[in-house]
**Q** 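There's a structure below that I have some questions on.
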Amino acid sequence: MPELPEVETIAVELRQALIGVVIKDVVIRRTDFIRTKPRNLAARLRGKKIKTIEREGKRLQVKLAGDLECVIHLGMSGRVTLENPGSPLLPHTHVRIRFARFRKELRFRDPRRFGGLWFFDGRNGSARPLSRLGPDALSIRVPVLRAACKRRRQMKALLLDQQVISGLGNIYCDEALFGAKIHPLCLASDLTEPQVRNLACNIRKTLRNAIDSGGSTLRDFVNTDGSEGVFQKIHRVYGREGQPCPRCQTPIERIQCAGRSTHVCPCCQPWG
DNA sequence: AGTAAACTCCGGAAGC
DNA sequence: TGCTTCCGGAGTTTAC
């Protein structure tokens, strides 16, 4: 499940490899994986240089020469990889991008197809069917969070809303709320000023920590049972139902919040 | 109006 | 072994 830390790691790696690289051609194996595109996309991509690669929330934004732009969203099961052109195509590889004078090709896999690619130019750019993103969670500031918390809404539901704050998914919501000792079902409008400050700090810290350990840990575990190892290393409540809270040893509980499975320490995160 | 819940997409994984 | 059920990011729809 690529969340902000994974997307950030991917952005760094793609940037190192692909800035200044020129596209040779694009193989679209599933047309509906391309969610929006200008006319004659394939022809327009040919020969275009990659200018910038940025992360915005859980999305990747790739800017190309000639006012072309690509937004990548990985959804639940999306993977983007640089591979040798000859290596076997894994199932659900929907798009391949090959380059001039760069040996590897970029592949997009996504079994569940919750993700996708959006291409824009000056003409379709104004009507993007992508929602506007709130301020980035990795650098969320107290005044912004304070303003968001004026609403009478369950705290976790608010944090999951990408239009309020962008980048937090199910896992890091639980982790940040645990860090701040705030119950996910708390009304945002009931938070005290110290709680807001603490939460802002914990959102940044949780994500930064995941990026820092993810960068090395993810790589160490590639092609092994990697996700498991990383999981146990950095998550304190997520996926730990029944296991002792790392702070107070009380068993972690799993509840439902905003339709998502939610992990909480009933002792550290009192409700009401 | 603002919030919440249900529904949609889909296939992997878990459970029976 | 083979079926059914659950799960979820995010947009849309529906209801309170």
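Throughout, protein chains are lettered first and strands after them, A, B, ... in sequence-line order, and every chain is numbered starting at 1.
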**Q** Got a list of side-chain donor-acceptor pairs under 3.5 Å for residues 163-177 of chain A, not counting sequence neighbours?
**A**
{"residue": "A:S166", "atom": "OG", "partner": "A:G134", "partner atom": "O", "Å": "2.9"}
{"residue": "A:S166", "atom": "OG", "partner": "A:P135", "partner atom": "O", "Å": "3.4"}
{"residue": "A:N170", "atom": "OD1", "partner": "A:K156", "partner atom": "NZ", "Å": "2.6"}
{"residue": "A:N170", "atom": "ND2", "partner": "A:S261", "partner atom": "O", "Å": "3.0"}
{"residue": "A:D174", "atom": "OD1", "partner": "A:K156", "partner atom": "NZ", "Å": "2.7"}
{"residue": "A:D174", "atom": "OD2", "partner": "A:H263", "partner atom": "N", "Å": "2.8"}
{"residue": "A:D174", "atom": "OD2", "partner": "A:H263", "partner atom": "ND1", "Å": "3.0"}
{"residue": "A:E175", "atom": "OE1", "partner": "A:R236", "partner atom": "N", "Å": "2.8"}
{"residue": "A:E175", "atom": "OE2", "partner": "A:R236", "partner atom": "N", "Å": "3.1"}
{"residue": "A:E175", "atom": "OE2", "partner": "A:V237", "partner atom": "N", "Å": "3.0"}
{"residue": "A:E175", "atom": "OE2", "partner": "A:Y238", "partner atom": "N", "Å": "2.8"}

**Q** So, does A:H92 get its side chain near the phosphate of B:dC10, meaning an N or O under 4.0 Å from OP1 or OP2?
**A**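 No, no such contact exists.
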**Q** Can you name the residues that form a side-chain hydrogen bond (donor to acceptor under 3.5 Å, both in side chains) with A:Q154, not counting sequence neighbours?
**A**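 Once residues adjacent in sequence are excluded, A:Q154 has no partner under the side-chain hydrogen bond (donor to acceptor under 3.5 Å, both in side chains) criterion.
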**Q** Please round to 10 degrees the angle between the axis of the first five pairs and the axis of the last five pairs in the helix from B:dG2-C:dC16 to B:dC16-C:dG2.
**A**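 Rounded to the nearest 10 degrees, the bend comes out at 50°.
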**Q** Name all residues meeting the side-chain hydrogen bond (donor to acceptor under 3.5 Å, both in side chains) criterion together with A:R96; count only those two or more places apart in sequence or in a different chain, and write none if there are none.
**A**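 For A:R96, the residues satisfying side-chain hydrogen bond (donor to acceptor under 3.5 Å, both in side chains) (neighbours in sequence not counted) are A:E105.
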**Q** Using a heavy-atom distance cut-off of less than 4.0 Å, which residues of residues 153-168 of chain A contact DNA chain C?
**A**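 Within residues 153-168 of chain A, the residues near DNA chain C are A:Q162.
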**Q** Taking the side chain of A:K58 as heavy atoms from C-beta outward, which of C:dG9, B:dG11, C:dG11 is closest to it?
**A**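 Comparing C:dG9, B:dG11, C:dG11 against the side chain of A:K58, the answer is C:dG9.
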**Q** Are OP1 or OP2 of C:dG9 and a side-chain N or O of A:H73 less than 4.0 angstrom apart?
**A**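 Result: no.
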**Q** Using a heavy-atom cut-off of under 4.0 Å over every strand shown, decide if A:R151 touches base, sugar-phosphate, or nothing.
**A**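 Since only primed, P, OP1 and OP2 atoms lie under 4.0 Å of A:R151, the category is sugar-phosphate.
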**Q** May I have all residue pairs that pass side chain to side chain donor-acceptor pair (under 3.5 Å) and include part of residues 246-258 of chain A, sequence neighbours excluded?
**A**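 Every side chain to side chain donor-acceptor pair (under 3.5 Å) pair that includes a residue of residues 246-258 of chain A, provided the two are not neighbours, is A:E241-A:R254.
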**Q** Which heavy atom in A:K48 sits nearest to a heavy atom in A:A65, and how many Å separate them?
**A**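 Residues A:K48 and A:A65, closest heavy atoms: CD-O, 3.3 Å.
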**Q** Could you write out each protein N or O paired with an N or O of nucleotides 4-7 of chain C at a distance under 3.5 Å?
**A**
none

**Q** Do A:R146 and A:L191 touch side chain to side chain, with heavy atoms closer than 4.5 Å?
**A**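 A side-chain contact is absent here, since even the closest heavy-atom pair is not under 4.5 Å.
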**Q** Nearest whole Å is fine: how far is C:dG8 C1' from A:H263 NE2?
**A**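 For the pair A:H263 NE2 and C:dG8 C1', the rounded distance is 13 Å.
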**Q** Suppose the criterion is side chain to side chain donor-acceptor pair (under 3.5 Å): which pairs have a residue in residues 179-191 of chain A, not counting sequence neighbours?
**A**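 Not a single pair qualifies under side chain to side chain donor-acceptor pair (under 3.5 Å).
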**Q** So, using side chain to side chain contact (heavy atoms under 4.5 Å, CB included) as the criterion, who are the partners of A:A188 when residues are at least two apart?
**A**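 A:A188 satisfies side chain to side chain contact (heavy atoms under 4.5 Å, CB included) with A:C149, A:M155, A:L158 once adjacent residues are dropped.
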**Q** For A:T93, enumerate each residue passing the side-chain hydrogen bond (donor to acceptor under 3.5 Å, both in side chains) test, keeping only those at least two apart in sequence or located in another chain.
**A**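 Partners of A:T93 under the side-chain hydrogen bond (donor to acceptor under 3.5 Å, both in side chains) test: none.
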**Q** If we ignore angles and hydrogens, is there a donor and acceptor under 3.5 Å between the side chains of A:T81 and A:E83?
**A**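 On atom types as modelled, these side chains qualify, holding a pair under 3.5 Å.
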**Q** Can you name the side-chain hydrogen bond (donor to acceptor under 3.5 Å, both in side chains) partners of A:R152, sequence neighbours left out?
**A**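 side-chain hydrogen bond (donor to acceptor under 3.5 Å, both in side chains) check on A:R152 returns nothing, list empty.
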**Q** Please produce a list of atom pairs where a protein N or O lies less than 3.5 Å from an N or O of nucleotides 14-16 of chain B.
**A**
none

